[in-house]
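First the proteins, then the strands, lettered A, B, ... as listed; each starts at 1.
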Amino acid sequence: MTFGKGCHLHLIDGSAFIFRAYHALPPLTRKSDGLPVGAVAGFCNLLWGELTTTRSQEAPTHLAVIFDAGSITFRNEIYPEYKANRPELPEDLRPQFAFTREATRAFNVPCIEIDGYEADDIIATLSRRAREAGGTVTIISSDKDLMQLVGNGVDMLDPMKNKRIGLDEVFEKFGVAPDRVVDVQALAGDSVDNVPGAPGIGIKTAALLINEFGSLESLLERAGEIPQPKRREALVNNADLIRISKRLVALDADMPLDVGLETLELKEPDPDTILGFLNAMEFRTLTRRVAEKLKVEAPALDADKGTEVQTQATQAATAPFVHDAYEAVRDAAALQAWVARIRERGYVAVDTETTSLDEMRADLVGISLATEAGLACYIPLGHRTGTDDLFGTAQRAEGQMAEAEALAILKPVLEDPAILKIGQNMKYDAKIFARRGVHVAPIDDTMLMSYAMHAGLHNHGMDALSETYLGHVPIPIKSLLGSGKAQVTFDRVPVDQAVRYAAEDADVTLRLWQLFKPMLHKARVTTVYETLERPLVPVLADMEMAGIQVDRDTLSRMSNAFAQKMAGLEAEIQEIAGEPFNVGSPKQLGEVLFDRLQVPGGEKGKTGAYATGADILEDITTLQDAHPQAARLAARVLDWRQLSKLKSTYTDALQDHINPETGRVHTSYSITGAVTGRLSSNDPNLQNIPVRSEEGRRIREAFVAPRGRVLVSLDYSQIELRILAHVADISELQQAFRQGVDIHALTASEMFNVPLDQMTSDIRRKAKAINFGVIYGISGFGLARNLRIPRAEAQGFIDRYFERFPGIRTYMSETVKSAQAAGYVQTLFGRKINTPEINAKGPTAGFAKRAAINAPIQGTAADVIRRAMIRMPAAIADLPATMLLQVHDELLFEVDEDAAATLVARAKDVMEGAAAPAVHFKVPLIVEAGQGQTWAAAH
DNA sequence: GGAGTCACG
DNA sequence: GACGTACGTGACTCCG
């Protein structure tokens with residue numbers, strides 16, 4: 001059959017499949033002879049998936065896998081350094097390449113590679129021919145270099161995310177249509193492929209320029225018209241290099257290629273060939289699956305070759321997800337069978353389904369369990385049918401155990417110290433169980449494992465992990481609950497659908513655990529996971545469940561007072577403006593100030609709106625002479641904004657967070673929320689309750705201790721500067737901390753040659769800003785803006801600082817250097833923070849460097865307080881005291897009045913000694929304490 | 001849903 | 001000498 005209209009060609013980027021398979025799987029070897037086969041196994045699995053997936057609308061009629069033939073292509077003649085930076089292939093991957101070709105042929109799929117050309121050129125050429133013949137094309141790849149081919153009957157499919165890449169996605173990535181993608185790439189260059197591009201120009205700027213000038217050629221011709229000198233020079237001086245870059249990134253869609261499209265027609269695989277190959281590779285599971293699908297007997301593996309070649313990890317990554325195989329557990333006998341299975345295994349993945357993301361309010365709807373890849377069940381407990389009307393006639397769905405009965409059967413297992421309970425974000429499920437009297441322990445948590453290994457690389461939600469590491473997109477929760485107004489709670493999901501979704505969650509979690517467990521060790525973060533992540537879960541769960549008492553009346557009174565003041569300010573503001581407008585709209589405010597009142601210097605951002613941040617408004621308030629109206633208006637708006645913030649975010653929203661059952665506010669901490677190891681707090685965020693302004697601080701008066709109790713606050717003094725003094729090994733600073741002198745004053749004294757006893761507050765303030773700046777990866781610009789001084793002056797301060805403390809400069813540059821080499825930085829306790837952008841070019845590099853400088857310091861401080869929190873419960877177990885909140889360097893407790901002194905002593909000891917014995921700081925860690933009826937008084 | 005703004009360490 | 005920049009978060013409001 002000839003290729004023509006109605007035909008749909010799928011072109012698989014073979015290299016992408018191989019690398020994806022290699023990195024997703026542990027280093028497996030063939031049992032009989034030790035041959036490395038992990039990448040081959042994964043490749044076969046992906047290819048088989050591609051052949052068996054039914055995508056109704058876009059099913060291929062023709063199919064081919066395209067490979068790169070070798071490393072030398074025509075591009076090396078144009079530019080010898082092309083792809084010269086590529087790291088050496090891993091030793092165990094190289095020998096697997098040949099097998100991936102063999103596998104492709106065994107699956108009866110055409111396998112194309114041409115010497116001197118990249119796979120991308122072949123894909124470009126075949127795509128063009130297919131289009132000219134009247135057919136359509138889907139390229140299976142996520143490689144951005146292929147995006148220039150998209151459009152006009154050609155699209156891409158990202159095999160990992162199972163996401164189509166069409167015109168919109170290309171535009172999103174490059175800021176231009178596909179036909180201008182090469183122009184953008186030529187300008188931006190590519191550090192991975194070593195395409196030079198123009199120095200200092202990234203994708204964003206490139207797109208901007210191309211869109212403005214239409215094309216690369218006209219841009220280069222008219223480069224002299226570019227207003228920004230840096231950009232102009234980058235283009236003028238590098239025009240040749242840019243043209244070369246374009247030839248490197250442009251794919252050759254017209255290469256000599258002796259492959260007829262009709263030969264790519266989809267063919268059934270030959271069972272003997274494919275099973276013979278899989279059997280020879282000793283892929284047990286895949287052999288069985290393929291045999292099943294082809295409806296033939298699976299060949300038995302030779303006994304002397306070894307029968308069990310697949311480790312748990314491959315099982316996890318390659319066994320199919322069969323939703324119909326999940327069991328619905330509806331009675332005690334069936335649940336007892338699962339309990340027996342769990343006891344035999346020694347571990348189980350657990351997941352709960354509930355009616356709310358707020359664990360303190362959620363009702364339990366069901367529980368799922370998994371004991372091995374593909375073997376999972378769901379226990380429906382609280383599903384309802386029908387609708388709630390006035391009489392609440394919703395019925396309990398049939399065939400469900402009573403919650404109490406199920407929990408009674410599961411409790412001994414969930415609490416058994418010999419049985420490991422595995423979860424994804426176990427804190428959530430542990431709280432759900434704890435509120436029902438079941439105290440789950442011990443636990444493992446796949447989310448925390450991912451965080452320990454891959455902080456900074458990606459998020460750690462289950463869906464993302466499943467896609468990345470299992471190559472599987474789980475059923476989206478939205479497909480069950482809907483979204484927006486029509487969204488229902490999980491108890492309204494029909495049980496048969498819930499089984500498929502919920503059991504899959506447990507299945508995915510178990511598989512991730514099987515994959516991650518050996519990976520933790522390889523990444524050398526086992527200690528981090530075991531000492532800083534896993535033990536924190538029960539501690540945080542208890543703090544969150546304890547909550548903190550918040551006085552509604554206090555908040556409500558404040559709220560009313562704020563509302564009144566705001567109304568007054570609003571009237572005044574509108575009178576000055578001479579017209580009514582929405583004070584809360586930065587856009588309208590900007591127009592009033594800069595257009596109507598003619599304040600000069602209004603700067604519009606990317607969106608075309610004037611910037612009206614607090615710093616800008618503060619500048620305007622100083623224009624009393626030139627623009628008295630605007631100055632007054634700006635001052636009023638600043639006041640209004642402060643009140644508006646306090647009212648909406650604190651006095652109003654906090655009231656809504658008071659739990660009706662406990663009368664307290666229960667935040668939720670995210671362990672993986674910050675890349676540095678800090679916690680984050682949400683719903684509500686209790687880590688940003690106001691304290692800096694007098695008016696805002698009063699919000700803390702609403703956080704109270706119950707009668708007979710007090711709040712105790714303990715916070716580390718200057719912990720980040722102490723850590724800096726230690727890691728950068730600055731003896732003067734260390735000595736200052738040991739002697740307990742004012743560190744900012746000392747810095748000022750050293751820098752400005754002012755004796756300590758003659759220190760002024762202004763000089764000290766400047767030194768303080770510099771000290772903080774250092775922690776953040778200081779820049780002259782940043783310091784200048786912070787201190788509102790000329791940039792040259794700020795730079796002078798920094799120079800003097802580094803002159804005085806040269807060790808700091810060394811520390812900073814060494815940190816950046818090691819991040820560039822390793823791709824991550826580490827805290828003193830071994831936590832890794834990945835820095836994937838550290839070798840980027842353009843402004844991104846600056847961000848990444850500063851983040852890399854800051855991360856070990858902020859992260860070490862985060863580790864210290866985590867260690868203190870983990871030790872705290874045992875240290876205060878005999879006291880009538882509860883740890884309630886953590887605010888990065890502060891812990892807040894509630895304690896019986898008469899035990900407050902004891903608590904302070906104990907908690908202080910734990911906090912000050914938290915680094916030992918793992919790390920011995922050369923400076924003391926000092927904790928300051930306060931107590932009172934309210935948080936305001938305790939701080 | 002993104003941008004702007006602002007609360008905290 | 002000039003690109004544009006302090007590090008890390010979460011919540012609220014506007015507005016397309």
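Taking the six-membered ring for Trp and thresholds of 30 and 60 degrees, A/His744 and A/Phe772 have ring planes inclined between 30 and 60 degrees apart. Ring planes of A/Trp935 and A/Phe703: perpendicular class, angle over 60° (limits at 30 and 60°).
By the neighbour-count criterion of 12 heavy atoms within 6.0 Å, atom NZ of A/Lys841 is densely surrounded, having more than that number from other residues, nucleotides or ligands.
In this model, a side-chain donor or acceptor of A/Arg850 finds a partner on the base of C/dT5 within 3.5 Å.
At least one side-chain nitrogen or oxygen of A/Arg692 sits closer than 4.0 Å to the OP1 or OP2 atom of B/dC8. Proximity of A/Lys587 to the phosphate of C/dG16: a side-chain N or O atom is located under 4.0 Å from OP1 or OP2. One finds no side-chain N or O of A/Arg697 lying less than 4.0 angstrom from the OP1 or OP2 phosphate oxygen of B/dA7. Contact annotation: A/Ser585 reaches the phosphate of C/dC15 (side-chain N/O to OP1 or OP2, under 4.0 Å). Contact annotation: A/Thr612 reaches the phosphate of B/dT5 (side-chain N/O to OP1 or OP2, under 4.0 Å). When the side-chain nitrogen and oxygen atoms of A/Gln642 are compared with OP1 and OP2 of B/dA7, none of them lie within a distance under 4.0 Å. Taking only side-chain nitrogens and oxygens, A/Asn582 comes nearer than 4.0 Å to OP1 or OP2 of C/dC14. Residue A/Ser680 places at least one side-chain N or O under 4.0 Å from the OP1 or OP2 atom of C/dG10.
C/dG4 and B/dG4 are spaced 16 Å apart, taking the P atom of each and rounding to whole Å.
Residues A/Ser670 and A/Glu233 each lie close to DNA chain C; by heavy-atom proximity, the contact nearer the 5' end of the strand is made by A/Glu233.
A salt bridge between A/Asp615 and A/Arg785 is absent, with no side-chain N of the basic residue lying under 4.0 Å from a carboxylate O of the acidic one.
A/Ala234 comes within contact range of no nucleotide atom at all, as no heavy-atom separation falls under 4.0 Å.
Out of C/dA2, B/dA7, C/dC7, the shortest distance to the side chain of A/Asn854 is found at C/dC7.
Consecutive pairing runs in DNA chain C reach the stem threshold at B:1-9 with C:7-15, where a stem means at least three Watson-Crick or G-U wobble pairs with distances under 3.5 Å.
Distance A/Ile857 CD1 to C/dA6 P: 18 Å, rounded to the nearest Å.
Aromatic ring centres of A/Phe805 and A/Tyr801 lie closer together than 6.0 Å.
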